[in-house]
Every structure is written in C-alpha cells, then in structure tokens.
Amino acid sequence: QIDDLAEVDYSLNSLPAVFQPFIDLDLKGVVFPAGNSTDSPYVAASFTIPDQSDSMLYLAFSEYFFQTSSFAYYTAGAFNMTIAEEVKFGNTFVFSLFYFSLQTCSYFNINTEIFGSIIPEVAKYSVTPYPVMLKLMATEIPVISLEQDSFTVGIQGSMEVLAVLPDSITQSLFTMNIAANTSISLNIFDQKLMGSLCLNR
C-alpha cells in the first residue's frame, strides 16, 4: 500500500536472471486504486536497461508504471479539490519515481470583488463582496510521457468558481475548462530526490 488511495503490485514477472557479473529482476510495477485491483487500460511495453557497470544498483521505471499511477489516482479522485477562503490547504500531485510528491501550501483569500474587476458579468451579479470557493477537478486521466531528461504531464480539467453567501450557501458564478502541459525534471540533491516543474503551455 502506497497511501490511502493507491497500492502497487511489484511482484516478479519471471524468475531472476542470474549472470556472472549481475542479476536482472523483472518486476511488475502496476499501481491501482486501493482495494480495487482492476485491469489497467494501458499495455506494458518491454524495455531494456543500458549496459553499464559503474554502479552497484540500477533501477528503471517504464512509462507504464507512471501511466497506471495516473490512472489509479484519477480513479480515486486525488486530482479533485476544493479551495475555500482563508483555509490553509495542501494537495499532493503524484507524478514521479518512488512516489515523490510536489506540495503546494498557502493561504487562499479571494472574493467576488476581485473576479468582478476581471469579469464584468460577475460584478453585475454580485455587488456585495462575497468570499469565493474554487472547485478543481481533472476531467480526464492525466497523460504522462517519458522524455530524454524529463517527463511531461498533460492535464485536462475544469474549475468552478462559487460565491459563498451568508449561512454558507454557495452560488455558482462560472465554470472554465483548463488544459495544461508541464515538464518535470528529476535530480538528486543532498541525498534527496527533487523535482523541478515547468509549465509548457
């Protein structure tokens, strides 16, 4: 079990291949929603590790591993979140090796007056400044592709903006679709696996 949302099956696909200078271990590497080992919609492709011998241990992760991770967390609803006024929030996006996480943590404090200065229709609808709540959700399984020195993540989602009226009643103001493509590069710094995120478009 990785966390409350996902589990990983890393059982052996075949018997270990033992050679004089090394041993090859072929592990399954499939991530699925916790308690629900459903078949993955992806097909695993075979791959080989480059022939190198200057390190004691080499690990290789296929694109399939990341694709099943994305599918598992999408199915579990990990890419859906609600952000409300003056609530400290943290959300974990799982994209990488050994389940390293990128965390955002901040204070959110936006009201309808701010949106009204950008979108005139909101200003007409809401004369009194009300706190705003954002509902973010992925509408499709995030697409993960391995590149030469990094990997890219394509996300399709939507954001609904709601005004929080008195007595905690919410009123939807507008919904917008979001398409984002990002690149993530991994490096080891101070014995920790670190990731740098770049928004491509």
Side-chain angles (χ1 to χ4, degrees), residues 1-81 89-105 136-157 180-198 200:
Q1 183 134 352
I2 298 173
D3 54 22
D4 294 337
L5 301 177
E7 299 175 5
V8 60
D9 180 357
Y10 54 87
S11 57
L12 282 168
N13 277 325
S14 58
L15 290 174
V18 181
F19 302 92
Q20 186 175 358
F22 63 87
I23 298 175
D24 265 350
L25 295 175
D26 182 14
L27 305 178
K28 186 172 279 188
V30 179
V31 181
F32 50 88
N36 183 15
S37 56
T38 55
D39 291 335
S40 168
Y42 305 101
V43 177
S46 60
F47 69 99
T48 57
I49 301 178
D51 187 13
Q52 300 181 46
S53 58
D54 55 342
S55 294
M56 181 178 175
L57 176 67
Y58 288 93
L59 295 174
F61 292 83
S62 68
E63 200 170 68
Y64 177 76
F65 171 79
F66 294 106
Q67 289 170 338
T68 60
S69 299
S70 177
F71 171 74
Y73 281 96
Y74 173 81
T75 303
F79 298 105
N80 302 339
M81 63 177 152
F89 64 93
N91 192 56
T92 303
F93 297 89
V94 183
F95 292 136
S96 63
L97 262 131
F98 292 122
Y99 178 61
F100 105 89
S101 57
L102 222 170
Q103 294 205 348
T104 57
C105 192
L136 305 172
M137 65 176 294
T139 54
E140 296 181 12
I141 302 171
V143 178
I144 298 177
S145 304
L146 297 185
E147 307 293 342
Q148 182 66 33
D149 299 313
S150 64
F151 58 95
T152 61
V153 180
I155 298 177
Q156 299 281 341
N181 183 280
T182 63
S183 295
I184 300 175
S185 300
L186 301 177
N187 293 288
I188 295 177
F189 178 73
D190 195 22
Q191 298 184 349
K192 295 180 180 179
L193 185 64
M194 309 293 287
S196 59
L197 182 68
C198 177
N200 298 332

Kindly check if the number of other-residue, nucleotide or ligand heavy atoms within 6.0 Å of [atom1] ([X]) is above 12?
X	atom1	result
Tyr10	OH	no
Leu15	CG	no
Asp4	CG	no

**OP:** Please determine, by modelled atom types, if Tyr73 and Asp3 share a side-chain donor-acceptor pair under 3.5 angstrom.
**Re:** yes
Could you grab the distance from atom [atom1] of [X] to atom [atom2] of [Y], nearest 0.5 Å is fine?
X	Y	atom1	atom2	value
Ser70	Glu63	OG	CD	11.0 Å
Lys28	Asp9	NZ	CG	4.5 Å
Thr75	Asn36	OG1	CG	8.0 Å
Ile141	Thr68	CD1	OG1	11.0 Å
Cys198	Ile184	SG	CD1	10.5 Å
Phe22	Leu57	CZ	CG	13.5 Å

Original post:
Hey, mind stepping through Met137 and Phe79 against side chain to side chain contact (heavy atoms under 4.5 Å, CB included) and telling me if it holds?
Top reply: CA-CA 6 Å; Met137 65 176 294; Phe79 298 105; over 6 Å; no
Would you say that [X] contacts [Y] through its side chain, given a criterion of any heavy-atom pair below 4.5 Å between the two side chains?
X	Y	value
Ser145	Phe151	no
Phe66	Val31	no
Asn13	Leu27	no
Leu193	Leu186	yes

Original post:
Taking the side chain from Asn80 and the backbone from Ala138, do they hold a donor-acceptor pair closer than 3.5 Å?
Top reply: yes
Subject >> Atom of Val8, atom of Phe65 and distance for their closest heavy-atom approach >> reply: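 Closest pair (atom of Val8, atom of Phe65, distance): CG2-CE1, 4.3 Å.
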Subject >> Minimum heavy-atom distance between Tyr42 and Gln67, given as atom pair plus value >> reply: CE1-O, 3.4 Å
**OP:** Given side chain to side chain contact (heavy atoms under 4.5 Å, CB included), test Thr152 with Thr182 step by step and report yes or no.
**Re:** CA-CA 5 Å; Thr152 61; Thr182 63; over 6 Å; no
Original post:
Can we call the ring centroids of Phe71 and Tyr74 under 6.0 Å apart?
Top reply: no
